[in-house]
Participant: 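Below you'll find the structure I mean.
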Amino acid sequence: MKNIFLIWILAWMFPAALSSQQYDSVTSRVIAPGVTYKRIVQLSGPWRVNLLEVDLRQPGISFHGVKAKDAFIGREKTSSMLSRYSGPGKAIAAVNTDFFVVKTGETENNVVVEGEMSKGVTVSDSPFDSYNNLHSELGIDWKNHSWIERYGLKGRVTQANHSVALDGFNFRPPYKNYVALYTTFVGDSSPRDTLHQGVANVPLRLLSRNANTMTFRMAGSVTDGSRASTSSGGLLVAEGAMRDLLRAMVKRGGTIRVSMSLNPDHGNLRTVAGGWPRIVRSGRSVAEWSDIEEGTRPGFSVGRHPRTAAGISRNGTTLYLMTVDGRRESDGGMSLVELAHFMIGLGAYDAMNFDGGGSTTMVVEGKVVNHPSDAAGERAVGSALLILTGDTTKPKR
């Protein structure tokens, strides 16, 4: 009885240590101080897992979110995003992150790179969601504090003593009566999804930008129902009843100020990496309810697929980045529930799923270490998360 009680205590205190006994093989090596790469094989899956275990307390370790081709539109291999990083610091490893539009490479959730937002959503920009809601994302600040939250854009457009909510930043909300702002990050003109009846827009001239606060001046008149140029620095778009707001702004003239943040507010986040859905909350699997909570579908949540995931330890000192291979006889892939329990076994107290399937990729020291499931090999994706070493305390500009 005493031995059983001791085993229960050890399992509660050290779940990763006990669960590792079920693995058929584990190889491990340190690729940088504070960063350990592991390859885990569990034949009963059959699962072949690649794991990056990062000590968030280690000086000189940081994370850099990167958009494919550093652009709103475009796809790029994770290995390419890692290899072309030019500093500050050195990029030593990477995983793919957010879901994306296959034709364009546009990612579905918020995008924050080096503390600057380049896409802000009030609901996920996903066509596969069972209903409109926000998806889980990994946020990391400048001191490597990490959170998994369903972040949403909190923005205001202010002109003198007039103010209105900003419903989308480089994003069109899937409802009427909204105000959205587009900048040159989307290209020379507003995206095609702004072209429909009931939309009005006005060009803006960018005067200044400080992180996520921008000041503009009106650069033209209101145009109804057509795409417009963003070349002057911005384009304010409204639909439905909010169209009269644009006309009133033009009539008043002067400058307008746009301020943006994310809710929940964890301060100035350095990186936000999108995904879908959360699979572990406070040490327990919540993957069983992902269809209800975040609008996943059974073929995605219950089916076994290659997966990419991120987890945070209970004390917030360790970040786990994991891939599991699939769609082969020797690589079974995982359901979201299996992924959640595997992450808990590693030591994750909170965890989430990134884009998987053929997108699943882990690169360590320039080499793709997992086995991508596409016949052509590594897939070009929309975004990635890089692990950096060295002095990266100042944003790259």
Side-chain angles (χ1 to χ4, degrees), residues 31-32 35 37-39 48-52 54 62-114 118-119 125-126 128 137-138 140 185-187 271-276 305-310 319-328 331 333 352-389 392 396:
I31 62 173
V35 183
Y37 165 63
K38 296 180 179 179
R39 182 163 175 80
R48 298 178 191 274
V49 171
N50 288 279
L51 176 68
L52 289 163
V54 186
S62 59
F63 300 87
H64 178 69
V66 58
K67 187 71 182 64
K69 301 182 180 180
D70 294 328
F72 187 76
I73 298 298
R75 293 172 57 184
E76 185 179 5
K77 293 180 179 180
T78 302
S79 59
S80 172
M81 287 185 259
L82 178 75
S83 65
R84 69 175 173 80
Y85 180 78
S86 59
K90 178 183 178 182
I92 60 170
V95 295
N96 69 291
T97 52
D98 204 358
F99 295 81
F100 60 93
V101 180
V102 173
K103 289 184 178 180
T104 66
E106 179 186 354
T107 48
E108 293 182 355
N109 297 294
N110 298 291
V111 178
V112 176
V113 174
E114 296 299 281
S118 52
K119 181 175 181 178
D125 198 11
S126 171
F128 303 107
E137 299 178 80
L138 173 66
I140 306 174
F185 184 67
V186 302
T271 294
V272 174
W276 187 41
H305 303 285
R307 303 283 185 180
T308 306
L319 182 69
Y320 305 95
L321 296 174
M322 168 183 153
T323 62
V324 56
D325 294 331
R327 298 177 181 169
R328 290 185 178 86
D331 303 313
M352 64 169 291
N353 180 65
F354 287 137
D355 187 16
S359 297
T360 286
T361 310
M362 179 180 288
V363 186
V364 177
E365 297 176 316
K367 180 182 178 181
V368 177
V369 294
N370 70 306
H371 296 285
S373 63
D374 282 1
E378 183 185 1
R379 176 185 293 180
V381 297
S383 59
L385 180 66
L386 312 185
I387 301 176
L388 309 181
T389 60
T392 63
K396 181 183 178 183

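Starting from 1, each residue takes its place in the sequence as its number.
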Participant: Between the side chains of Asp331 and Arg48, is the shortest nitrogen-to-carboxylate-oxygen separation below 4.0 Å, so that they form an ion pair?
Facilitator: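 Salt bridge flag = yes for Asp331 with Arg48.
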Participant: Within this structure, what is the CG-CG distance for the pair Asp355 and Asn109, rounded to the nearest 0.5 Å?
Facilitator: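 The CG atom of Asp355 sits 10.5 Å away from the CG atom of Asn109.
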Participant: Between Thr392 and Pro88, which heavy-atom pair has the shortest distance, and what is it?
Facilitator: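 That closest heavy-atom pairing would be CG2-O, 3.2 Å.
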Participant: May I have the step-by-step check of side-chain contact (heavy atoms from CB on, under 4.5 Å) for Glu137 and Asn110, ending in yes or no?
Facilitator: CA-CA 8 Å; Glu137 299 178 80; Asn110 298 291; 2.7 Å; yes
Participant: With sequence neighbours excluded, what pairs up with Thr361 under the side chain to side chain donor-acceptor pair (under 3.5 Å) test?
Facilitator: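 Partners of Thr361 by the side chain to side chain donor-acceptor pair (under 3.5 Å) criterion come out as none, since no residue qualifies.
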Participant: Could I get the full list of salt bridge (Lys or Arg N to Asp or Glu O under 4.0 Å) partners for Arg75, not counting sequence neighbours?
Facilitator: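 With sequence neighbours excluded, Arg75 shows a salt bridge (Lys or Arg N to Asp or Glu O under 4.0 Å) to no residue whatsoever.
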Participant: Lys67: which residues meet the salt bridge (Lys or Arg N to Asp or Glu O under 4.0 Å) condition with it, sequence neighbours left out?
Facilitator: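 For Lys67 there are no salt bridge (Lys or Arg N to Asp or Glu O under 4.0 Å) partners, ignoring immediate neighbours.
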Participant: Quick one: pull up CZ in Arg84 and CG in Leu82 and give me the separation to the nearest 0.5 Å.
Facilitator: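 Reported value, rounded in 0.5 Å steps: 10.0 Å.
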Participant: To the closest 0.5 Å, what do you measure between CG (Asp70) and CE (Met81)?
Facilitator: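 Rounded to the nearest 0.5 Å, the CG-CE separation comes to 9.5 Å.
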Participant: Checking Val369 now: which residues fulfil side chain to side chain contact (heavy atoms under 4.5 Å, CB included) with it, not counting sequence neighbours?
Facilitator: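 Here the qualifying residues are Tyr37, Asn50, Met362, Val364.
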Participant: Do you know the tightest heavy-atom contact between Thr78 and Ala384?
Facilitator: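 So the minimum-distance heavy-atom pair works out to CG2-CB, 4.0 Å.
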Participant: Return the set of residues passing side chain to side chain contact (heavy atoms under 4.5 Å, CB included) with Asp374 (not counting sequence neighbours), or none when no residue passes.
Facilitator: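 With sequence neighbours excluded, Asp374 shows a side chain to side chain contact (heavy atoms under 4.5 Å, CB included) to Arg379, given in chain and number order.
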Participant: What residues, two or more places apart in sequence or in another chain, satisfy side chain to side chain donor-acceptor pair (under 3.5 Å) together with Thr308?
Facilitator: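 Partners of Thr308 under the side chain to side chain donor-acceptor pair (under 3.5 Å) test: Asn96, Thr360.
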Participant: If the condition is salt bridge (Lys or Arg N to Asp or Glu O under 4.0 Å), which residues does Lys77 pass it with, not counting sequence neighbours?
Facilitator: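 Partners of Lys77 by the salt bridge (Lys or Arg N to Asp or Glu O under 4.0 Å) criterion come out as none, since no residue qualifies.
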Participant: If you compare all heavy atoms of Phe100 against all heavy atoms of Gly105, which two are closest, and at what distance to 0.1 Å?
Facilitator: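 Answer, listing the atom of Phe100 first, then Gly105: CB-O, 3.9 Å.
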Participant: Closest heavy-atom contact between Gly74 and Ala68?
Facilitator: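 Looking at all heavy atoms of both residues, the shortest contact is O-CB, 3.3 Å.
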Participant: Among residues at least two apart in sequence or on other chains, which ones pass side chain to side chain donor-acceptor pair (under 3.5 Å) with Ser383?
Facilitator: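 Once residues adjacent in sequence are excluded, the partners of Ser383 under the side chain to side chain donor-acceptor pair (under 3.5 Å) criterion are Thr97.
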Participant: Identify, with sequence neighbours excluded, every residue that meets side chain to side chain donor-acceptor pair (under 3.5 Å) alongside Arg328.
Facilitator: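 Once residues adjacent in sequence are excluded, Arg328 has no partner under the side chain to side chain donor-acceptor pair (under 3.5 Å) criterion.
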Participant: Thr389 and Ala32: which non-hydrogen atoms are nearest, and at how many Å?
Facilitator: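 That closest heavy-atom pairing would be CG2-CB, 3.8 Å.
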Participant: What closest approach, in Å, do Tyr85 and His64 show between heavy atoms, and which atom pair accounts for it?
Facilitator: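 Scanning both residues completely, I find the closest heavy atoms to be CE1-CD2, 3.7 Å.
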Participant: Starting at CD1 of Ile140, measure out to OG1 of Thr271 and round the result to the nearest 0.5 Å.
Facilitator: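 OG1 of Thr271 is found 6.0 Å from CD1 of Ile140.
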Participant: Does any pair with a residue in residues 86-100 pass salt bridge (charged side-chain N to carboxylate O under 4.0 Å, His left out), and if so which ones, sequence neighbours excluded?
Facilitator: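 Matches after skipping sequence neighbours: none remain.
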Participant: Would you please name every residue forming a side chain to side chain contact (heavy atoms under 4.5 Å, CB included) with Ser118, sequence neighbours left out?
Facilitator: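 Here the qualifying residues are Val111, Phe185.
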Participant: Among residues at least two apart in sequence or on other chains, which ones pass salt bridge (Lys or Arg N to Asp or Glu O under 4.0 Å) with Glu378?
Facilitator: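 Scan of Glu378 (salt bridge (Lys or Arg N to Asp or Glu O under 4.0 Å), adjacent residues dropped) gives none.
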Participant: Distance from Glu106 atom CD to Asp125 atom CG, nearest 0.5 Å?
Facilitator: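 The distance works out to 5.0 Å.
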Participant: Kindly determine whether Ile387 and Ile31 satisfy side-chain contact (heavy atoms from CB on, under 4.5 Å), including the steps that lead there.
Facilitator: CA-CA 11 Å; Ile387 301 176; Ile31 62 173; over 6 Å; no
Participant: Between atom CZ of Phe99 and atom CZ of Phe354, what is the distance when rounded to the nearest 0.5 Å?
Facilitator: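 If I round to the nearest 0.5 Å, the distance is 10.0 Å.
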